[in-house]
Protein chains: 2
Amino acid sequence: MQYIKIRDAIAEQVSSGALAAGHKLPSERKLAETFATTRVTLREALSLLEADGVIYREERRGWFISHCPLRYDPSFDPDLLEICHKAGRSGAISLISHQHKLADKNATQMLNLLAFSDVLTFDQLLSVDGRPVAKVINTVRDDSLGQVSESILASPLKRILIEQAKESITLESYKISVSSLNDKNASHLRASVGSPVLLIEKRYATENKQKIAYSFEFWRHDAVEVGSSRF
Amino acid sequence: MQYIKIRDAIAEQVSSGALAAGHKLPSERKLAETFATTRVTLREALSLLEADGVIYREERRGWFISHCPLRYDPSFDPDLLEICHKAGRSGAISLISHQHKLADKNATQMLNLLAFSDVLTFDQLLSVDGRPVAKVINTVRDDSLGQVSESILASPLKRILIEQAKESITLESYKISVSSLNDKNASHLRASVGSPVLLIEKRYATENKQKIAYSFEFWRHDAVEVGSSRF
DNA sequence: CAGTGGTCTAGACCACACC
DNA sequence: GTGTGGTCTAGACCACTGA
């Protein structure tokens, strides 16, 4: 199993510090030549390293050394920007798009809506040190927020709900699973279609259990690890 | 992008119910012929489906349709066997191996041990409906348990600690990340080296914060989803 | 023992990133 | 424009599974 040896050789280079976080690996053709193999086998090795979070791929740009992952405690429901700040990284959220629209089947069910209700949906991109690491798809009941300006939609959902909602709101539940990126989400994250991601789903409700909002966060899996804060 | 279409075609077959959970897909050569492509491209498509948890691979045995994932709330620290039971599935834990030994570097640090301390380590395999879905590697301070018989080591760690430890013990912290299987762990899970897994790390301590035990659970990622119980 | 999956080769063409 | 990564072909051999 040649690709195991290649993986180990590259992993060794990374952990020895010969390759620093954020640096680009040599081209696939050069690496294949270095290890006297073909690109197919080499890419097998690189995919393993990607699965382990040692390196990550940017579509058509190449392979890069991963940074230390962010720590994320879902039950505590932290502010995404605060997580970055506390880790000494520079985080930024940009608004990709937003729209008031009729709730689709999924939204109707998740928010317990009547037929023909409106929702506000907005997509965000979280970048850390300039690299897009998470795409967030938010959906909020249209009648639960006051008038919100576009600039506010580039804040973390939790912050928006706290500041704009008419009632006090808490994280009701969350779910974490492994998934893969579709076409659209992949391009925002400069990733390839089908790249593995960590999917974090969150639901918000008022104190008397009325469902208000939910979000899907698609995280590049090398960029985050989930755990209790005390860890 | 041929492999996207192949993925979608197979996913469609699965969600339509034409292929039931646990069933085996046709051989790669047959599928490749069906979709008029080569095995390399076909396997690309299958890998995507695997990443999405739609199907899973058993080493040299082929590809199978995934079951509904188990729900796992790490902060609640559920009993693995109870999770299965509640989901109407039949779960079983088997003891792979166990050993009293000198703590290695990792154990010394995780348990805050003095040099030359002993630990008890034991590896377990969790099977659901006959399929091995998680390998658990446990490490416990040697001086914290009474005499334990081998049969007890086929119980969930939490249960062992509750029943056998001299003091009362709680889950101190946990961590969840995406990882990949090494040689040994892969073979116990009938998986391939490098298969993506969900890694759940847990640490246990006494009420006065003395670290007592920790475990690494390597889950086939199609078999589990993590979330708050209220979800 | 037949067929399967695991691994690997040695190419090819294209669209895109970057210079 | 050059080189890169993304995708695909058409094979091959081996070790193992399962009948």
Within the 3.5 Å criterion, strictly below it, is a donor on [X] or [Y] matched to an acceptor on the partner's side chain?
X: Ser179(B); Y: Ser177(B); value: no
X: Thr41(B); Y: Gln2(B); value: no
X: Glu50(A); Y: Trp63(A); value: no
X: Ser75(B); Y: Asp73(B); value: yes
X: Asp123(B); Y: Thr121(B); value: no
X: Tyr204(A); Y: Asp77(A); value: yes
X: Asp129(A); Y: His67(A); value: no

On DNA chain D, more 5' by nearest nucleotide between Arg29(B) and Ala36(B) is Ala36(B)
Starting at atom [atom1] of [X], determine the distance to atom [atom2] of [N], rounded to an integer number of angstrom.
X: Leu181(A); N: dG6(D); atom1: CG; atom2: P; result: 14 Å
X: Arg39(B); N: dG3(C); atom1: CZ; atom2: P; result: 15 Å
X: Phe64(B); N: dG18(D); atom1: CZ; atom2: C1'; result: 12 Å
X: Glu33(B); N: dG3(C); atom1: CD; atom2: C1'; result: 14 Å
X: Glu28(B); N: dT17(D); atom1: CD; atom2: P; result: 16 Å
X: Arg190(A); N: dG6(D); atom1: CZ; atom2: P; result: 14 Å
X: Leu31(A); N: dT4(D); atom1: CG; atom2: P; result: 11 Å
X: Lys5(B); N: dT7(D); atom1: NZ; atom2: C1'; result: 12 Å

Between Ser228(A) and Tyr174(B) (side chain of the first, backbone of the second, donor and acceptor by atom type, cut-off under 3.5 Å), is there such a pair?
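Such a contact is found between Ser228(A) side chain and Tyr174(B) backbone.
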Polar side-chain atom of Ser155(A) near backbone of Ile152(A) as donor-acceptor pair, under 3.5 Å
yes
Picking from dT7(D), dA10(D), dG5(C), which would you name as closest to the side chain of Thr38(B)?
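The answer is dA10(D), which lies nearest to the side chain.
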Name the closest nucleotide to the Met1(A) side chain, picking from dT7(C), dG11(C), dT4(D).
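Selected nucleotide: dT7(C).
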Kindly say if [X] contacts the phosphate of [N], meaning a side-chain N or O under 4.0 Å from OP1 or OP2.
X: Thr41(B); N: dT9(D); answer: yes
X: Gln2(A); N: dG6(C); answer: no
X: Lys24(A); N: dG5(D); answer: yes
X: Ser192(B); N: dG5(C); answer: no
X: Tyr3(A); N: dC8(C); answer: no

When you compare the side chain of Asp52(B) with that of Arg7(B), does any pair of heavy atoms fall below 4.5 Å?
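Arg7(B) reaches Asp52(B) side chain to side chain.
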Tell me which residues in residues 43-61 of chain A put a heavy atom below 4.0 Å from DNA chain D, sorted by number, or none.
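Those residues are Arg43(A), Arg57(A), Glu59(A), Arg60(A).
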Could you work out how much the helix from dC1(C)-dG18(D) to dC18(C)-dG1(D) bends, comparing the axis of its first five pairs with that of its last five, to 10°?
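It comes to 20° between the two terminal axes.
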